[in-house]
Amino acid sequence: MADELDLLRAADPVPADHPRLGDGPLDRRAERLLADLRREPPARGRVRWPHVGPGLRARPAWAMLAAVVTAVTLTLVVGGTATTPALAAPRPLVVRADATPVSLDELARRARADAAAGGESLRKGTHVQSWSLAMSEDKAPVTLPEERIVRWKPDGSHSELVVATDPTHPGRPVLRDDADGPRLVEDGHVVSRRTYPRSWSDAPPQSPPPRDATRLRAWLQEAAAEPDGLGTGELLDAVELLLDNWTLGARESAALAELLAGTEGLRPAGRVTDRLGRPGLAYTYEERGLAHLLIMDPRTGAVLGRETTFTRPDPAYGVQAGDVMAYSAWMR
Amino acid sequence: MSNDEIFAAAYREHYWAVSRYVARRLDGRTSEVEEVVAEVFTVAWRRRDDLPAAPLPWLYGVARNCLANAVRGYGRRRRLVDRLGNDDAAHGRHIEAGPDAEPPGAWVHDALARLSPADQEVLRLAAWEELGVEEIAVVLGCGRRAASMRLHRARRRLKAEIDQLCPAPTTGTTATKEQQHG
């Protein structure tokens, strides 16, 4: 029986053997366009993009390309039988129910107070520790822990350092995957160290996040490429995208807390200690077999982390209900 | 080879793939395909110094931007004719669907249409453009990790919609690609 991608492939409205658009030599029109382009004088500066009206801005191609440079070079992983025992998937965070749960409205108020008192400032780049589940259809899932630091320089260039490490098991070997397949590496093994040239991107997620909730929602919507709006699940995905690109200041965190306070379905769950040992308040949202846990600083309202857990088993990938699919802990 | 020659080679190799990418997303508005494709390669020509060694995902990324502009323009035109109220196309009167008019795979398209635009796009890239996660990340302008997660989530949502629309089970997958999440 075909899976959903096979069904979709079979429903390709313009297949590669399409009578008019199938692969083959260029037609006269395409040849003429190429000839016209090659006669064009060399371009200077940026390509100008059509203005598309208030509130909307076409995202330049290089904006997308610039975002790519933050990609983490993970490759597909199969479960190595000799390597997995030391690397069992972390269990979900334990949430301690609070007799008087702190609402997101209250947390947003604390965040505003922190911002009014000065607080941290916005910085481009990120510092994140993550655990991500690698799944295969014929091997047991395994979890890959890593730390990623992205730092931008005043000239618009930036560097990215990715290290294999698991702070919950300091000093123990860590699973990585490279061209030779999955293997254990020493804690702190440098997975990649890259320097990227200057980027001119001025569209989300590269443009600075706004400091009020309404504009921040629009920023997140554009960053997530969801023109029809953001449901709560998509909003949380977009928040992750934001924090994978920016280290928020107090004012941006306050705007984010206010935005989250107005988000449907996100409810207080209690207190947690996150995987980096930081005290936090947990807020949950459930959708389609996944539970999202957002961990926020009880004093500043800053988002500290996000955990996504399966609430239903997925036998095709060997996943059990309660397995952690992804966990990110953001640091300054 | 000079950058111009490299661009010309990429153009010849990928012109039709980019045309199909655009056509798949213009929902039968074939008259606009050539116009958008011309814009894609015009932008790509001006940015030819940035053309990567594997240019197709990069070209798809450029096409995605050009399409966004084209679709917004189309939306504006639709709103205009809606206000004018005298355009058959605005009221769908030009469409005369009948029992035999449903094209093959229409119900899969129906299932796809129920998903968010972002879900739809990542699924199209995987199924129709046959891109891997790394290439999808290039087109979407996100990290590989994010692309992988988006694809997995979108697949789950599509499967749920298909299961609702089609009584036949879709388990017992035949796909062999592995999924990386995180």
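Naming convention: chains lettered A, B, ... in sequence-line order (proteins, then strands); numbering from 1 in each chain.
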Here the pair of heavy atoms bringing Ala224(A) nearest to Ala118(B) is O-CB, 4.2 Å
Applying a strict 4.5 Å limit to non-hydrogen atoms, the region of Leu112(B) in contact with chain A is side chain
(Q) Would Leu7(A) and Trp107(B) count as a side-chain contact (heavy atoms from CB on, under 4.5 Å) here? Give the steps. (A) CA-CA 10 Å; Leu7(A) 290 169; Trp107(B) 62 273; 4.2 Å; yes
Heavy-atom closest pair (Ala23(B) atom, Val14(A) atom, distance to 0.1 Å) is CB-CG2, 3.9 Å
Turns out that what part of Arg32(A) lies under 4.5 Å from chain B's heavy atoms comes down to neither
d(Asp12(A) CG, Glu129(B) CD) to nearest 0.5 Å is 7.5 Å
For Ala11(A) and His109(B), the nearest pair of non-hydrogen atoms, with its separation, is O-NE2, 2.6 Å
When the 4.5 angstrom heavy-atom criterion is applied to Arg156(B) and chain A, the contacting part is side chain
Interface check, chain A: of Ala111(B), Ala127(B), Ala44(B), Pro52(B), most non-hydrogen pairs under 4.5 Å belong to Ala127(B)
Donor-acceptor check, side chain of Trp128(B) to backbone of Leu8(A), threshold 3.5 angstrom: yes or no? yes
Margin query: Any non-hydrogen side-chain atom of Asp3(A) less than 4.5 Å from a side-chain atom of Arg155(B)?
Written below: yes
Closest non-hydrogen contact found for Phe310(A) with His152(B) is CE2-NE2, 4.3 Å
*Find out whether His18(A) and Ser19(B) are in side-chain contact, i.e. whether some heavy atom of one side chain is under 4.5 Å from a heavy atom of the other.*
no
If one checks every heavy atom of Glu5(B) against chain A at 4.5 Å, the contacting part turns out to be both
Turns out that what part of Phe7(B) lies under 4.5 Å from chain A's heavy atoms comes down to side chain
Checklist entry - Can you list the steps and then say if Arg157(B) with Glu287(A) is a side-chain contact (heavy atoms from CB on, under 4.5 Å)? => result CA-CA 11 Å; Arg157(B) 290 170 183 145; Glu287(A) 60 158 3; 3.4 Å; yes
Exactly one candidate in Asp163(B), Ile162(B), Val108(B) meets side chain to side chain contact (heavy atoms under 4.5 Å, CB included) with Glu4(A); the answer is Ile162(B)
Any side-chain heavy atom of Arg153(B) sitting closer than 4.5 Å to one from Leu290(A)? yes
Could you tell me whether the side chain of Tyr11(B) and the main chain of Ala30(A) form a donor-acceptor pair under 3.5 Å? yes
Arg20(B) side-chain N/O to Leu21(A) backbone N/O, donor-acceptor pair under 3.5 Å
yes
Problem - Main-chain N/O of Pro25(A) paired with Trp16(B) side-chain donor or acceptor, under 3.5 Å - result: yes
CG (Leu123(B)) and CG (Leu5(A)) are apart, to the nearest 0.5 Å, by 6.5 Å
### Task
Mind running side-chain contact (heavy atoms from CB on, under 4.5 Å) on Leu34(A) and Tyr15(B) for me, showing each step along the way?
CA-CA 10 Å; Leu34(A) 178 59; Tyr15(B) 180 85; over 6 Å; no
Output for pair (Phe41(B) CZ, Leu37(A) CG), nearest 0.5 Å, gives 9.0 Å
Exercise for the section: List the steps, then state whether salt bridge (charged side-chain N to carboxylate O under 4.0 Å, His left out) holds for Arg150(B) with Asp237(A). Expected result: CA-CA 9 Å; Arg150(B) 284 188 202 179; Asp237(A) 290 346; over 6 Å; no
